[in-house]
2 protein chains.
Amino acid sequence: MTLLQTQDQSGLPQSARALRGVRDLLLSGEIGPGERLAELALVERLGLSRTPVRAALAHLAQEGLLEALPTGGYSARRFSQADVVDTIELRGTIEGLALRLAAERGADPALMREAEATLDEIDAALDRAPGAAGVDTYARLNSRFHVQLAALSGSEAVRRELERVMALPFAQPSALLDAQAKLPRFDLTLINGQMQHHAMLEAVRMREGARAEALAREHARLASRNVSTVVADAGLARHVPALTLVRADAAETVE
Amino acid sequence: MTLLQTQDQSGLPQSARALRGVRDLLLSGEIGPGERLAELALVERLGLSRTPVRAALAHLAQEGLLEALPTGGYSARRFSQADVVDTIELRGTIEGLALRLAAERGADPALMREAEATLDEIDAALDRAPGAAGVDTYARLNSRFHVQLAALSGSEAVRRELERVMALPFAQPSALLDAQAKLPRFDLTLINGQMQHHAMLEAVRMREGARAEALAREHARLASRNVSTVVADAGLARHVPALTLVRADAAETVE
DNA sequence: CTTCGAGCGAGTGTATACATTCTCGCAAGC
DNA sequence: GCTTGCGAGAATGTATACACTCGCTCGAAG
């Protein structure tokens, strides 16, 4: 289970603490969707001065987590299920581009070996602890694999863009795994995902650009499966950081 | 021809002036690729205080125009031809996603009519002044059309992402038109582009998602045609804002 | 009782002073 | 003569005081 543990921040610059601090408040749900963030209140809660807090707010607004209010100031952005599904589709599309470019232009052999090594580790992990038991290990390796995919493209522009899309917590490859682990036949989902992983690298190796692209897209759709089920389950959503940002549709009317 | 005219900024907040001011310095080439931006120097040049200038620098860094130096401070990012080509490919890919979603999910009829109206205007403009003569009008209408395309998707997530990618000046649909207008048979390029515009809307109307997507991608590639030719021509590059950011490959070694 | 206006308070926008770190140059010692 | 260390300067990072705007409340007049 992923927990938000605010780790030791000694030595970190104030601006980094502010960024972490505000982001944690949002992801932990302490600040709910739509809620306004007053600078002075944050200054008090985080024990910092206004300057770094202000910088953090501006940063998070550009990142998409906050919304700039017309009168000034910011509020926590409200995300809908459609936002989650579309953002994951977006990630799949750009990962598809990355893999197509890797296939067409040829991927760096060293990077290919690194990605393959990660898949070997996932194979071993799934063998050792299949299903929900090994979800933590799977999540960690899966995230690493997706970072390696972005690098395979050989394009700095594409790599940066992928990084940026994944700044939204629910767009990250392993974001919803903790919640989905409670769903039936979860073990098969993981195994299916890993088969797609292997196929993606094979397609790149064989220079099959269209296949690699299609696989990347379909793979991303695994992540958006059952989004509505997971979001609707308040018990789940509360403990999955990425989902605290999403208002269940029922609560949409209430303010 | 597009010129950077610093217009009246009275009434604008200092932070907006700072953002405009620094961006103009970069796009006009007054600050060249790789050059470091010292806060105090900018404060003097722009006649503002450090706070808004500092905010502008942080903003532009996240936007991708600046690069954060490890020691602190920022430098103007150096873009390669590959960055330009890949970023345009990225735009085409995301516009492809937008059109596919529009086709599959059905686009808002009102938005469709607005986009069609823009195409009618482009038709008229091309009829009146074909080729390089009407490039300014074409550029303006073309930009509007691409904004309307993003809206057709009906997805806020996709629309936002497109907006963000186009924050890089050379990713904008009409960015290189001024320079390309000097190339042979430019009039045919415009006409070809407009035919693709019509085909894109038709595909959306007919719910042909794959066709709409493919068209969007191919259409973006019109923009990256002859990038190397255009970048290599120093006379052209100097007066096209988007190209002052790109170092010609020959100059790459010099510092 | 309702409505309009003035004053007050909260909050953001801006400027600037202070702290800290990094760099560059010079000088001294090996 | 080269290297190393110390110091001055300049740059960024941070804190805080001041300015200004918006919104709310309270009071008075119609």
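No experiment lies behind these values; they were computed from the predicted model shown. Labels below follow one simple rule: chain letters A, B, ... track the order of the sequence lines, proteins then strands, and each chain is numbered from 1.
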A/Gln14 CD to D/dT12 C1', straight-line distance once rounded to whole Å: 14 Å

What's touching nucleotides 16-23 of chain D from the protein side, N or O pairs under 3.5 Å?
| residue | atom | partner | partner atom | Å |
| --- | --- | --- | --- | --- |
| D/dT16 | O4 | A/Thr51 | OG1 | 3.4 |

B/Ala107 meets the side chain to side chain contact (heavy atoms under 4.5 Å, CB included) criterion, sequence neighbours left out, with B/Ala102, B/Met112, B/Leu152, B/Val204

I need the CG-P distance between A/Leu57 and C/dG11, as an integer number of Å. 14 Å

Starting from C1' on C/dA15, measure out to CZ on B/Arg54 and report it in whole angstrom. 14 Å

Just say parallel, tilted or perpendicular for the rings of A/His146 and A/His219, cut-offs at 30° and 60°. parallel

Does this structure show an ion pair linking B/Glu67 with B/Arg78, if we count only N-O contacts that are shorter than 4.0 Å? no

Nucleic acid contacts of residues 35-44 of chain A, taken as heavy-atom distances under 4.0 Å to DNA chain C: A/Arg36, A/Leu37, A/Ala38, A/Glu39

How many whole angstroms separate atom OH of A/Tyr74 from atom P of C/dT12? 10 Å

Round to a whole Å and report the spacing from CZ of A/Arg17 to C1' of D/dA15. 14 Å

Under the criterion side chain to side chain contact (heavy atoms under 4.5 Å, CB included), I'd like the reasoning laid out for B/Asp83 against B/Ile88: C-alpha separation, chi angles, the key distance, then a yes or no. CA-CA 8 Å; B/Asp83 287 328; B/Ile88 292 174; over 6 Å; no

Please report the interatomic distance CG(A/Leu42) to CD1(A/Ile31), rounded to the nearest 0.5 Å. 5.5 Å

Could you tell me whether B/Asp86 and A/Arg159 have a side-chain N and a carboxylate O separated by less than 4.0 Å? no

So do A/Leu69 and A/Tyr74 actually touch side chain to side chain, heavy atoms under 4.5 Å? no

Taking A/Gln62 for the side chain and A/His59 for the main chain, is one N or O donor matched with an acceptor at less than 3.5 Å? no

